[in-house]
Amino acid sequence: MTHTARSRWKLRSLAIVAILALLAAACGGGEDLDEGAGTDTGGDTDSPAQDLSGETVEVAATWTGAEQERFQMVLDAFAEQTGAQVRFLSAGDDIAAYVGPRIEGGDPPDVAIFPQPGVVDSFAAEGSLIPIDDLVGDVVDADVPGGRDAGDFEGELYGLWWKAAQKSTVWYNVGVFEGAGVQPPESWDDLLVAGDTISDYGVAPYSIGADVGWPLSDLFENVYLRVAGPEKYDQLAAHEIPWTDQSVKDALSTMAELFDDPDQLAGGQQGALQTDFNGSVTQAFTDPPKGAMVFEGDFVGGIITGETDAELGADADFFDFPSIDGSEPAVVSGGDLAVLLDDSEGGQALIRFLATPEAAEIWAAEGGFISPNTQVSLEAYGDDVSRRAAEALQNAADAARYDLSDLQPTEFGATTGQGIWGILIDFLEDPSDVDGTAQALETAAKRAYGE
């Protein structure tokens, strides 16, 4: 299992390099979408034409709130074109725990959206997924650079890389920053100074949703990439160095600087532990705000516009995750992949539809979405903030890396209450225990890798 996981990560690293080239091409300007961009490709991007009246298509995903609403718009367009009824199933934060029993019971949803490639691997290894090469392989090869690496398992395409994520953004309440007299920081030291100033102003500087732990893993990965550098990041992702390595402890110690004063967290440590991700965003951009900054990806913009009255650019904005000790610009990226669980006509048609630029443009226009499909030009995005997030991913060049926890075996990298998620929740509660946290991570990693 260790060899498979390490080989798998090398393929994933190709995907993140490819998306940089993708964004470079998109930022360079393409054919205007209104003039038919995206129709002349190496793949079949036509929308599904078959009549699916009377058929129900079930789709499971982790999205809630505004993200669910935007995805529902995509599903509504599919339903209108095909006549199918589409039922969205909210899987919660742990989609593997939701989908697994449905598969075991012989009643899986037609399609699922997996937020971690490691989850795709796990279910493909069990034989629970339907290969999709015949459905969208040509489109992936022509229009989604890195898409085959991202969705492949042992030479078969199982996942359609549909939504990319730029996770190295820090979103901030513009009014709080202006009131406190601080500017978006470029370095970690400046961030800590700004946090103290905002706290003195009367607002908790950091709003973190830690009820299940994945925002904490994203935060750790951004810190680690800058403290340890891309090469060490690669080694840790493949478990070629242990989680007890000094580089991990250094990153944890740096991360702890945000947690050691409970007053710096919206609601304190216990408040953060009881706040979900969407709540961490909304409480920072409502009046009065409970926090000033949210450490998360480009998709935060969609939650701001969908669940608050804040206006992007005027009331809410982002800055790049700050440099640590002079580190070069770096980006942690991620992505959501659509998989076929039931070989139904409706499921097949939905996978084909999601592979079209048309499907991506629906959400792109609403914000909080980046598509890895080269046929979706930047003109499709409805706001400058999304374009800036894509440009930051492009500019990171060789220092861009795929989300580390997403590349791990599911039980270590993507399971509620255990592995990276659970251990970092414990760390938030006691940020002084750096050595114990590192040892707990290594013990869990060895168990997951079968070492």
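Everything numeric in this text was worked out from a predicted model, so none of it was measured. Counting from 1, the numbers follow the sequence of the chain as shown.
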Test side chain to side chain contact (heavy atoms under 4.5 Å, CB included) on F259 and L216; report intermediate values, then the result. CA-CA 11 Å; F259 304 152; L216 294 176; 3.9 Å; yes
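- Contact of the V223 side chain with the F321 side chain is registered, since non-hydrogen atoms from C-beta on lie closer than 4.5 Å.
- Within the 4.5 Å cutoff, no side-chain heavy atoms of D315 are placed close to those of F285.
- Contact record, V136 with R352: CG1-CA, 3.9 Å, taken as the closest heavy-atom pair.
- Contact check for V203 versus F177: no side-chain heavy atoms found under the 4.5 Å cut-off.
- Rounded to the nearest 0.5 angstrom, F295 CZ and K167 NZ are separated by 15.5 Å.
- Interatomic distance, Q408 CD to L404 CG, rounded to the nearest 0.5 Å: 5.0 Å.
- Looking at heavy atoms from C-beta onward, L75 lies in side-chain contact with L350 at the 4.5 angstrom threshold.
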Checking V294 against T169 for the side chain to side chain contact (heavy atoms under 4.5 Å, CB included) test, could you report, in this order, the C-alpha distance in whole Å, the side-chain angles of both residues, the deciding distance, and whether it holds? CA-CA 9 Å; V294 178; T169 52; over 6 Å; no
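- Within a 6.0 Å sphere centred on CG of D260, heavy atoms belonging to other residues, nucleotides or ligands number more than 12.
- Listed for the Y201 side chain is no donor-acceptor partner under 3.5 Å among the backbone atoms of G181.
- Nearest heavy atom pair, residue V86 against residue A79, reads CG2-CB, 4.0 Å.
- When only modelled atom types and interatomic distance are considered, Q348 and D110 share no side-chain donor-acceptor pair under 3.5 Å.
- V176 and A292 make their closest contact through CG1-CB, 3.8 Å (heavy atoms, listed as atom of the first residue, atom of the second, distance).
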Can Q116 and T410 be said to form a side chain to side chain contact (heavy atoms under 4.5 Å, CB included), step by step? CA-CA 8 Å; Q116 294 95 9; T410 303; over 6 Å; no
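- In summary, the aromatic rings of F88 and W63 are positioned with their centroids too far apart to meet the 6.0 Å limit.
- Distance check, rounded to the nearest 0.5 Å: CD1 of I324 to CG of L191 gives 9.0 Å.
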Criterion side chain to side chain contact (heavy atoms under 4.5 Å, CB included) on L135 and L340, from CA distance to verdict: CA-CA 10 Å; L135 300 175; L340 186 63; 4.0 Å; yes
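- Residue E366 holds its CD atom at 13.0 Å from CD of E67, rounded to the nearest 0.5 Å.
- When side chains are defined from C-beta on, Q264 counts as touching D196, because their heavy atoms get closer than 4.5 Å.
- Ring centroids of F299 and F277 are separated by less than 6.0 Å, placing the two rings close together.
- Using a 4.5 Å heavy-atom threshold, the side chains of V74 and W162 count as touching.
- Relative ring orientation between F78 and F353 is described as tilted, the plane-to-plane angle lying within the 30° to 60° band.
- Taking all atoms of both residues into account, the shortest heavy-atom contact from D403 to D218 is OD2-OD1, 2.8 Å.
- Residues Y233 and V332 come closest through the heavy atom pair OH-CG1, 4.1 Å.
- Between the side chains of R70 and T305, at least one donor N or O lies within less than 3.5 Å of an accepting N or O.
- Residues D433 and F427 are not in side-chain contact: their nearest non-hydrogen atoms beyond the backbone lie 4.5 Å or more apart.
- The side-chain heavy atoms of V281 and E296, taken from C-beta on, include no pair separated by under 4.5 Å.
- For D426, the CG atom is densely surrounded, since the number of other residues' heavy atoms within 6.0 Å is greater than 12.
- Within 6.0 Å of CD on E429 lie more than 12 heavy atoms contributed by other residues, nucleotides or ligands.
- At least one donor-acceptor pair closer than 3.5 Å links the side chain of S217 to the backbone N or O of W214.
- For the atom pair OG1 (T356) and CG (N373), the distance works out to 8.0 Å, reported to the nearest 0.5 Å.
- Between the E186 side chain and the S323 main chain, no donor and acceptor come within less than 3.5 Å of each other.
- Of the possible donor and acceptor atoms, none in the side chain of Q283 sits under 3.5 Å from a partner among the backbone N and O of K290.
- Listed for the S199 side chain is no donor-acceptor partner under 3.5 Å among the backbone atoms of G195.
- Under a 3.5 Å cut-off, the side chain of T374 and the backbone N or O of D143 do form a donor-acceptor pair.
- Between the side chains of N222 and S168, at least one donor N or O lies within less than 3.5 Å of an accepting N or O.
- Proximity of a side-chain donor or acceptor of R87 to a complementary backbone N or O of T56 within less than 3.5 Å is not detected.
- P115 and T62 make their closest contact through CG-CG2, 4.1 Å (heavy atoms, listed as atom of the first residue, atom of the second, distance).
- From L428, atom CG reaches atom CG of L265 across 6.5 Å, with rounding to the nearest 0.5 Å.
- You'll find the ring centres of F114 and F123 inside the 6.0 Å limit.
- Counting only distance, with no hydrogens or angles, the side chain of Y98 and the backbone of D93 share no donor-acceptor pair below 3.5 Å.
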